[in-house]
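Single-structure report; data block below.
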Amino acid sequence: MPLRFDFVVLGGGVAGLSFALKAAEHGQVAVLTKRSRDECNTHYAQGGIASVLAADDTFESHIEDTLTAGAGLCHRDAVEVTVREGPAAVRELAALGADFARRRGGELELGREGGHSKRRIVHSGDITGREVERVLLSACDDQKNITFFPDTTAIDLVRDRQSSHGQGRVLGAYALTPAGKIETYLGRVTVLATGGAGKVYLYTTNPDVATGDGVAMAYRAGAPIANMEFYQFHPTCLYHPEAKSFLVSEALRGEGGKLRLRSGETFMERYHALGALAPRDVVARAIDAELKRTGDESVFLDMTHLGRTFLMERFPNIYAACKAFNVDMAVQPIPVVPAAHYMCGGVVSDLDGRTGCPGLYAIGEVACTGLHGANRLASNSLLEGLVFGARAARAGAEEAKGGAPSPGGVPDWDAGAAGDSDESVVVSHNWDELRRLMWNYVGIVRTGKRLMRARRRLDLLREEIREYYWRFKVTRDVVELRNIADVAHLVVECATRRKESRGLHCTLDYPERDDHNWLRDTVVSREP
Ligand code: FAD
Ligand code: SIN
């Protein structure tokens, strides 16, 4: 028997929880999370939330910085609503109890990050995401209309193929429960808040849940997907064989951290007038170029001039993590390299989170609202999750109230003749091969030839995964592998189509930006 709700929310990060909190005023909400309730990109966010809160800051300045970072592809309307609705969203979070850093007088202490012309990053030291997640979860727990389903993996969206009035509408999702059963979760409105897909690359700042499930499910359901070529690489992750790409926040450069080569020489001034605080795409490419030129394995982020007391107070989490890997940042520069960090593209959605599939909304990192264009400005994504979570809840509540059909006769999941797998090793091998080929051929700098090579290998892998998927019983590993393969396909497809270099997409075959032909999104969709 299907489980029925008014709102089915896939994902419990900043976007999903912001939606759930508001939607709960209008009906029953189910929140599905793939692992524990708080395991998500949001939990790991360090730097903070960008918003216009200082007396000397203006909306125009934040808008301009966002547009500049986005390299011509931001949708101005999405930028405007995010920036203008940002301060109220941040204040609301503070009113819920978020413990943001404050000055002695009580006003918010604001940090600075790359691409921002002002100090405007609200933060909780260097564990801002953990605080945001804590506060939102605790507020959701006070709401009787919200039910959490942890360790529950959505596999595919349910679409109406039967009723004459709602044909094509998304009715909910099939999901794998902790007991290994596949249940049907039905809602008047279904929300993708599944976050990013960093795991598509070998090295990433993202946790294991970030396998692009939402984009892959939406693509298979026929929703338009855009701008997947713009995968953001964060310039500074701790370089250590056991550090699993631990992020070293951009806020360190905001406080005066210097990027140096092994020789001690600084280099960012050769690449951009803003030096180490240039937009992320510029810094990541500069590091990539310097590593290739020198043959070194990392560059270095030097904080030693700032003193141990300040570093321990302002960046306690990063200080401790570096220390655990025998790097004392108070006396030695931190070895850093770039790693995949943020998906600027995603499921095409409007200013209220509506996608191309009726009944389906997309919010947060999974969505492509047009806010980020070809390159996201630092700390704009927690903000986007807050603002669009609330906007989508308003629109979704209206839709649910306005007679969005309560789904009727939906077929249960059909497992067909699938049996238990006797060769799970295929999954781990394909997983590794895929992430490695994306890193090697579809990384920071691309060429048409490398993209072709990636495409050929991906086609084979996708075929093998498809076969495996239908032959054996569904497991979370297989669901994720299938999704990562679909996401990789979308990144390669979009990157191949874009015949220019812009923002995060850099190809040696077309090194210049071409506004005449390419001042537009790359949109891909397939028949459901
Ligand atoms: P997430 O927070 O990633 O949540 C996704 C949710 O979806 C999870 O609950 C997951 O379990 C669930 N899910 C996924 N697939 C399924 C499925 N198939 N079925 C059920 N549930 C599923 N941004 C900033 O603005 N400021 C920062 O300082 C900052 N620092 C960052 C530092 C790090 C290390 C990282 C990784 C990111 C950082 N970002 C930062 C980016 C930002 O954290 C994310 O973009 C943002 O938190 C995404 O929120 P979300 O709600 O869209 O997704
Ligand atoms: C960071 O703290 O450097 C991450 C900020 C972001 O990804 O927006």
Side-chain angles (χ1 to χ4, degrees), residues 8-19 30-51 111 113-116 121-124 126-130 132-133 136-137 148-157 173-176 185 191-198 204-217 232 234-237 245-254 280 283 315 317-318 339-344 346 362-367 372 376-386 388-389 476 479-480 483:
V8 171
V9 184
L10 308 180
V14 63
L17 296 183
S18 299
F19 178 97
V31 179
L32 277 60
T33 67
K34 206 157 53 165
R35 299 207 177 164
S36 63
R37 296 196 315 170
D38 64 352
E39 182 60 0
C40 53
N41 275 359
T42 300
H43 178 85
Y44 295 92
Q46 294 183 352
I49 311 173
S51 198
E113 290 180 358
H116 288 277
I121 316 296
V122 181
H123 63 91
S124 305
D126 55 358
I127 51 164
T128 310
R130 204 181 301 174
V132 169
E133 187 70 13
L136 287 173
L137 276 174
F148 280 92
F149 294 89
D151 289 309
T152 302
T153 304
I155 302 169
D156 260 320
L157 297 169
Y174 295 113
L176 183 63
Y185 294 77
V191 183
L192 292 174
T194 45
T204 176
T205 63
N206 292 189
D208 290 347
V209 288
T211 51
D213 299 1
V215 172
M217 286 189 278
Q232 184 172 72
H234 196 292
T236 56
C237 297
S245 303
F246 175 78
L247 184 78
V248 180
S249 175
E250 196 155 314
L252 273 73
R253 279 174 280 136
R280 239 171 234 183
V283 183
F315 303 112
N317 176 46
I318 296 170
H341 183 60
Y342 185 86
M343 183 172 76
C344 290
I363 49 176
E365 191 166 341
V366 68
H372 308 303
R376 176 178 66 102
L377 184 64
S379 286
N380 263 357
S381 53
L382 290 178
L383 184 69
E384 182 185 32
L386 292 171
F388 278 82
R476 189 174 65 197
V479 169
E480 291 184 339
N483 290 335

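Note that the coordinates shown come from a computational prediction; the quantities given were computed from them, not determined experimentally. Each ligand, and each atom within it, is numbered from 1 in the order the structure gives.
- Glu133 contributes no side-chain N or O that, together with a main-chain N or O of His43, makes up a donor-acceptor pair within less than 3.5 Å.
- In this structure a side-chain-to-backbone donor-acceptor pair under 3.5 Å is present from Thr236 to Val248.
- Contact shell of ligand 2 (protein heavy atoms, cutoff 4.0 Å): Gln46, Gly47, Glu113, His234, Leu247, Ser249, Glu250, Arg280, His341, Arg376, Ala378, Ser379.
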Show your reasoning for whether salt bridge (Lys or Arg N to Asp or Glu O under 4.0 Å) applies to Lys34 and Glu480.
CA-CA 10 Å; Lys34 206 157 53 165; Glu480 291 184 339; 2.8 Å; yes
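- Near ligand 1, heavy-atom contacts under 4.0 Å come from Gly11, Gly12, Gly13, Val14, Ala15, Leu32, Thr33, Lys34, Glu39, Cys40, Asn41, Thr42, Tyr44, Ala45, Gln46, Gly47, Gly48, Thr152, Thr153, Ala154, Ala193, Thr194, Gly195, Thr205, Asn206, Asp213, Leu247, His341, Tyr342, Gly364, Glu365, Arg376, Ser379, Asn380, Ser381, Leu382.
- Not one N or O on the side chain of Glu365 forms a donor-acceptor pair closer than 3.5 Å with the backbone of Tyr342.
- In this structure the side chain of Tyr44 never reaches within 4.5 angstrom of the side chain of Asn317, judged on heavy atoms.
- A donor-acceptor contact under 3.5 angstrom links the side chains of Thr205 and His341, judged on distance only.
- With no hydrogens or angles considered, no side-chain donor-acceptor pair links His372 and Gln232 at under 3.5 Å.
- A donor-acceptor pair under 3.5 Å links the side-chain atoms of Thr128 to the main chain of Gln46, judged by distance alone.
- Residues Leu377 and Glu113 form no side-chain contact, since every pair of their non-hydrogen atoms from C-beta on lies 4.5 Å or further apart.
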